[in-house]
Peer 1: 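Take this structure first; my questions come after.
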Amino acid sequence: MIVRHLIKELLEQAMEEALNRDILPGGTPTDIVVEHPQSAEHGDFATNLPLKLARSLGINPLEIAQRLAPLVRPDDAIDKVWVEAPGFINFSLKPSWLASSVESILEDDESYGNVPLGKGESVQVEFVSVNPTGPIHVGHARGAVLGDALANILSAADYLVTREYYFNDAGNQMENFYNSLYVRYQQAFDRQVEMPEGGYMGDYMMDMARAIAAEEGERFLNMPSTQAVEELGQIGLGRMLKGIQDNLERLRIRFDVWFKEHTLYEEGQYEKTMDALRQGNHLVVRDEATWFASTALGEDKDNVLIRGSGVPTYFAADVAYHYNKFVERGFSRVVDIWGADHQGHVSRMKAAVGALGVDPQRLTILITQIVTLKSGDQVLRASKRTGDFITLEELLDEVGTDPCRYFFLARSPDSQMDFDLELAKKESSENPVYYIQYAHARIASILNLAGENRIDYRGGDVSLLTDPAELALIRRMVALPELIESMAITLEPHHLPHYAQELATAFHWFYQQCRVVSSTPGDEAITRARLKLVKASSIVLGRCLRLMGMEAPEKM
RNA sequence: GCGCUUGUAGCUCAGUUGGAUAGAGCGCAGCCCUGCGAAGGCUGAGGUCGUGGGUUCAAGUCCCACCAAGCGCACCA
């Protein structure tokens, strides 16, 4: 059980008793908030309940606290309950309970930290979803890392998670891509043809065209251009997707579903969606186009779903896609992760989902803010069109997967971030990534030593763990389930890297203070107890690293 | 012009539902290994939390205005 919940329960019971025994008058019920005090002298947990009640009860908060505190019933986990001005009730954890939690961690092993929050509810996390018209760049990587970590956390919180990548294989930009590729292909055979207006000018297009030319020969030169564009396009699309998959694989990200826009039309989902909107009176025809009447739903303006030409817009496809997510596939919740350039689409997408009869609360759209790439003082602009960008691949070559994941993950997606390549490279030898992994390697090395010395610590007595450094380490470890729960609720994985760092600090401090494998006669018992603690640390730290998608090295 | 996001230490950033002395890493000044990995530990300096109002017993956190930065505001995706 999460200790915070336990304390909340104890307080609820105390309140009830206070009411029943007329120790406190009845008042307006307030939510009981249990928090972690900043300072250790205020205990492990604290509540401001008396301060909140003071007004409605008309009693001095300190007085309320003093009446309430004695009613908190004793518990194995709780050491002391005391009152402090101006009206806090503080709780400290019992050292013996902390020590015994080491056994629970060992017992839970890999599953330590899991919380029964989602109860098997199905959640789809859709992320990256870059159109396969160009390579993945740094900005996409941020959303990729966020989505993946979020999916890991939701799984740990007992949700049934599907990771999904959506890509538009229909539409203008793909046509443009196909045409650009055809031109580059012809140019590879020294034909004098011009790139189309607004074509994809990046070097990768030339590289790909040359590679296809080398593999497939000149057969596309000798067929009608529409056929050549079509066939060449499919080859190009396949190659782009492969490249994206390879890149993501290097970032250690795998998707359960690669969803193609195309299938929405083939399987009638698009038609069904439009019918549903029509039946709900959400469609209007104006200037030959069909609009989503979102103004009626409180939006700033209406949006075109079907152009005058009869061709559906990107928005129409996206609405159909969300119809597919909620209605066809029945996900109970959906999390979309979009880049900052899509932020203006959030409210209309939610409006559209609502118009389809789905509670918009079931859709969460997370926006990752822009990543500005810098090299020293120089700002590097990212633009797929001109081909002037830093790709994910280049980033991984420069800084490696783990630092890349850590840097993106440690920052709240709401704040735009500077990613200085120079700095990231320079810090590679001396940054939090290595600090945390170093702790893990240290742990492994201690456990190895114990193995070499043939120390069997299974019978170790954890009640011997009483040193402040030992208890501080355990305090950090028992906080993991609560953290996972809160991250799963707020959908904010960026707390995890910070927790991992605190945990590593606690371990390093313990290591400094307490000799684990001791050859001094008489130390056998404490050695065994501490080895249990070390093993538990390995479980918790390893869990954190895996949730972040980082390696948990035995050696460095 | 309207909307979304951001503004916290020299730099990069944390700061859950308002709480009791505002935190971390890097950088800077020092100290600690003839025993498990010094890629480590400890101590110190460094802050008008963009500005000004307001709500509250209590505001970095909530509300309003302003300033600054980024991103949106297409029958593009």
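Heavy-atom basis, side chains included; hydrogens, waters and symmetry copies ignored. Below, chain A is the first sequence line, B the second, and so on; all start at residue 1.
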Peer 1: For A:E554, answer base if it contacts any base atom (sugar-phosphate contacts may also be present), sugar-phosphate if it contacts only those atoms, and nothing otherwise; contact means non-hydrogen atoms under 4.0 Å.
Peer 2: base

Peer 1: If you pin A:A46 and A:V311 to their nearest nucleotides in RNA chain B, which one's is more 5'?
Peer 2: A:A46

Peer 1: Pick base, sugar-phosphate or nothing for A:D300, based on heavy-atom distances below 4.0 Å to the nucleic acid.
Peer 2: nothing

Peer 1: Does A:Q501 reach a base, just sugar-phosphate, or nothing at all? Heavy atoms under 4.0 Å.
Peer 2: sugar-phosphate

Peer 1: Select base, sugar-phosphate, or nothing to describe what A:H440 touches, counting heavy atoms under 4.0 Å on all strands.
Peer 2: nothing

Peer 1: Please report the distance separating the C1' of B:A22 from the corresponding atom of B:G60, rounded so that it comes out in whole Å.
Peer 2: 8 Å

Peer 1: Rounding to an integer number of Å, can you tell me how far A:L531 CG sits from B:C36 P?
Peer 2: 15 Å

Peer 1: Go through the steps for A:Q269 and A:N324 under the test side chain to side chain donor-acceptor pair (under 3.5 Å), then give the verdict.
Peer 2: CA-CA 7 Å; A:Q269 322 250 314; A:N324 169 276; 2.6 Å; yes

Peer 1: In whole Å, what separates the C1' atom of B:A9 from that of B:C64?
Peer 2: 29 Å

Peer 1: Under a 3.5 Å distance rule, please check whether A:R286 uses its side chain to pair with a backbone N or O of A:E288 as donor and acceptor.
Peer 2: no

Peer 1: Using a cut-off of strictly less than 4.0 Å between a heavy atom of the residue and any atom of RNA chain B, enumerate the qualifying residues of residues 479-495 of chain A by number.
Peer 2: A:S486, A:H494, A:H495

Peer 1: Pick the P atom in B:U21 and in B:G35, then give their distance to the nearest Å.
Peer 2: 45 Å

Peer 1: Can you measure from CG (A:L150) to CG (A:L547) and round to the nearest 0.5 angstrom?
Peer 2: 11.5 Å

Peer 1: Using a strict 4.0 Å threshold on nitrogen-to-oxygen distance, state whether A:E126 and A:K325 make a salt bridge.
Peer 2: yes

Peer 1: Which residue lies toward the 5' end of RNA chain B, A:S309 or A:A85, if each is placed at its nearest nucleotide?
Peer 2: A:A85

Peer 1: How close do A:G113 and A:L480 get, heavy atom to heavy atom, and via which atoms?
Peer 2: CA-CD2, 4.1 Å

Peer 1: Mind checking if A:K555 touches a base, just sugar-phosphate, or nothing, with heavy atoms under 4.0 Å?
Peer 2: base

Peer 1: Mind checking if A:V433 touches a base, just sugar-phosphate, or nothing, with heavy atoms under 4.0 Å?
Peer 2: nothing

Peer 1: When the P atoms of B:C11 and B:A74 are compared, how many Å lie between them, rounded to an integer?
Peer 2: 37 Å

Peer 1: When we call it a touch if two heavy atoms are under 4.0 Å apart, what does A:E41 touch: a base, just sugar-phosphate, or nothing?
Peer 2: base

Peer 1: Using the ring centroid of each side chain, check whether A:H495 and A:H498 are separated by less than 6.0 Å.
Peer 2: no

Peer 1: Counting side-chain heavy atoms from C-beta on, which of B:C71, B:U16, B:U5 comes nearest to A:H36?
Peer 2: B:U16

Peer 1: What integer distance in Å separates A:Q416:CD from B:U12:C1'?
Peer 2: 14 Å

Peer 1: Under 4.0 Å, counting only non-hydrogen atoms across every strand here, what does A:L51 touch: a base, just sugar-phosphate, or nothing?
Peer 2: base

Peer 1: How many Å lie between CZ on A:R142 and C1' on B:U5, as a whole number?
Peer 2: 11 Å

Peer 1: For the C1' atoms, the ones on B:C62 and on B:A24, what distance do you get once it is rounded to whole angstrom?
Peer 2: 26 Å

Peer 1: Does a side-chain N or O of A:T368 approach OP1 or OP2 of B:U5 to a distance below 4.0 Å, or not?
Peer 2: no

Peer 1: Determine whether any donor atom in the side chain of A:R411 lies under 3.5 Å from an acceptor atom in the base of B:U5, or the reverse, and answer yes or no.
Peer 2: no

Peer 1: Are the ring of A:Y435 and the base ring of B:A39 both nearer than 5.5 Å at their centres and tilted by less than 30°?
Peer 2: no

Peer 1: Tell me which nucleotide, if any, is Watson-Crick or G-U wobble paired with B:U43 when both distances must be under 3.5 Å.
Peer 2: B:A29

Peer 1: Which base, if any, makes a Watson-Crick or G-U wobble pair with B:A59, both distances under 3.5 Å?
Peer 2: none

Peer 1: Is any side-chain N or O of A:Q38 under 3.5 Å from a base N or O of B:G23, one able to act as donor and the other as acceptor?
Peer 2: no

Peer 1: Classify A:R4 by what it touches in the nucleic acid, base, sugar-phosphate, or nothing, heavy-atom distance under 4.0 Å.
Peer 2: base

Peer 1: CE of A:M349 versus P of B:G3: gap in Å, rounded?
Peer 2: 23 Å

Peer 1: Look at the aromatic rings of A:Y321 and A:Y166 and report parallel, tilted or perpendicular, splitting at 30° and 60°.
Peer 2: parallel

Peer 1: Between A:E299 and A:R348, does at least one N-O distance fall below 4.0 Å, as a salt bridge requires?
Peer 2: no

Peer 1: On a plain distance test, is the side chain of A:Q369 in donor-acceptor contact with the base of B:C71 below 3.5 Å?
Peer 2: no

Peer 1: Considering every strand shown, what is the Watson-Crick or G-U wobble mate of B:C13 when both distances are under 3.5 Å?
Peer 2: B:G23

Peer 1: What does A:N48 touch in the nucleic acid at a heavy-atom separation under 4.0 angstrom: a base, only the sugar-phosphate, or nothing?
Peer 2: base

Peer 1: Work out how far the P atom of B:C71 is from that of B:C13, and round it to whole angstrom.
Peer 2: 16 Å

Peer 1: Strictly below 4.0 Å, heavy-atom distances to any atom of RNA chain B: list the hits from residues 504-526 of chain A, or just say none.
Peer 2: A:H508, A:W509, A:Y511, A:Q512, A:C514, A:R515, A:V516, A:V517, A:S518

Peer 1: Please name the pair of heavy atoms, one in A:I443 and one in A:S537, separated by the smallest distance, quoted to 0.1 Å.
Peer 2: CD1-CB, 3.8 Å

Peer 1: Could you check which of B:U17, B:U6, B:C4 has an atom nearest any side-chain atom of A:E35?
Peer 2: B:U17

Peer 1: Going by a 90° cut-off around 0, is B:C33 syn or anti?
Peer 2: syn

Peer 1: Checking side chain to side chain donor-acceptor pair (under 3.5 Å) for the pair A:D402/A:Q437: CA distance, chi angles, key distance, verdict?
Peer 2: CA-CA 10 Å; A:D402 285 334; A:Q437 292 181 325; 3.0 Å; yes

Peer 1: Just how far, in rounded Å, is C1' of B:G3 from CD1 of A:I367?
Peer 2: 13 Å

Peer 1: Over how many whole Å does the gap from A:I32 atom CD1 to B:G18 atom P extend?
Peer 2: 15 Å

Peer 1: Could you please name the partner base of B:C66, counting Watson-Crick and G-U wobble pairs only when both distances are under 3.5 Å?
Peer 2: B:G50

Peer 1: Measure up the A:H36 and A:F45 rings against each other and bin them: parallel (under 30°), tilted (30 to 60°), perpendicular (over 60°).
Peer 2: tilted

Peer 1: Measure CE/A:M417 against P/B:U5 and give the value in whole Å, please.
Peer 2: 20 Å

Peer 1: Using the six-membered ring wherever Trp is involved, compare the ring planes of A:Y200 and A:F177 and label them parallel, tilted or perpendicular (cut-offs 30° and 60°).
Peer 2: perpendicular

Peer 1: Any carboxylate oxygen within less than 4.0 angstrom of a Lys/Arg side-chain nitrogen, looking at A:R67 and A:E63?
Peer 2: yes

Peer 1: Across all strands shown, which nucleotide pairs with B:G1 by Watson-Crick or G-U wobble geometry, both distances under 3.5 Å?
Peer 2: B:C73

Peer 1: Counting neighbours of NZ on A:K535 that are heavy atoms of other residues, nucleotides or ligands and sit closer than 6.0 Å, is the number greater than 12?
Peer 2: no

Peer 1: As a test of reading the structure: which of B:G19, B:A20, B:G70 is closest to the side chain of A:N90, going by heavy atoms?
Peer 2: B:A20

Peer 1: Could you check which of B:A39, B:G3, B:G19 has an atom nearest any side-chain atom of A:K52?
Peer 2: B:G19

Peer 1: Taking atom P in both B:U6 and B:U16, what distance in whole Å separates the two?
Peer 2: 12 Å

Peer 1: Starting from C1' on B:G35, measure out to CG on A:N453 and report it in whole angstrom.
Peer 2: 12 Å

Peer 1: If I pick the C1' atom on B:U12 and the same atom on B:G27, what distance separates them, to the nearest angstrom?
Peer 2: 11 Å

Peer 1: Taking the side chain of A:P37 as heavy atoms from C-beta outward, which of B:C75, B:A20, B:G19 is closest to it?
Peer 2: B:A20

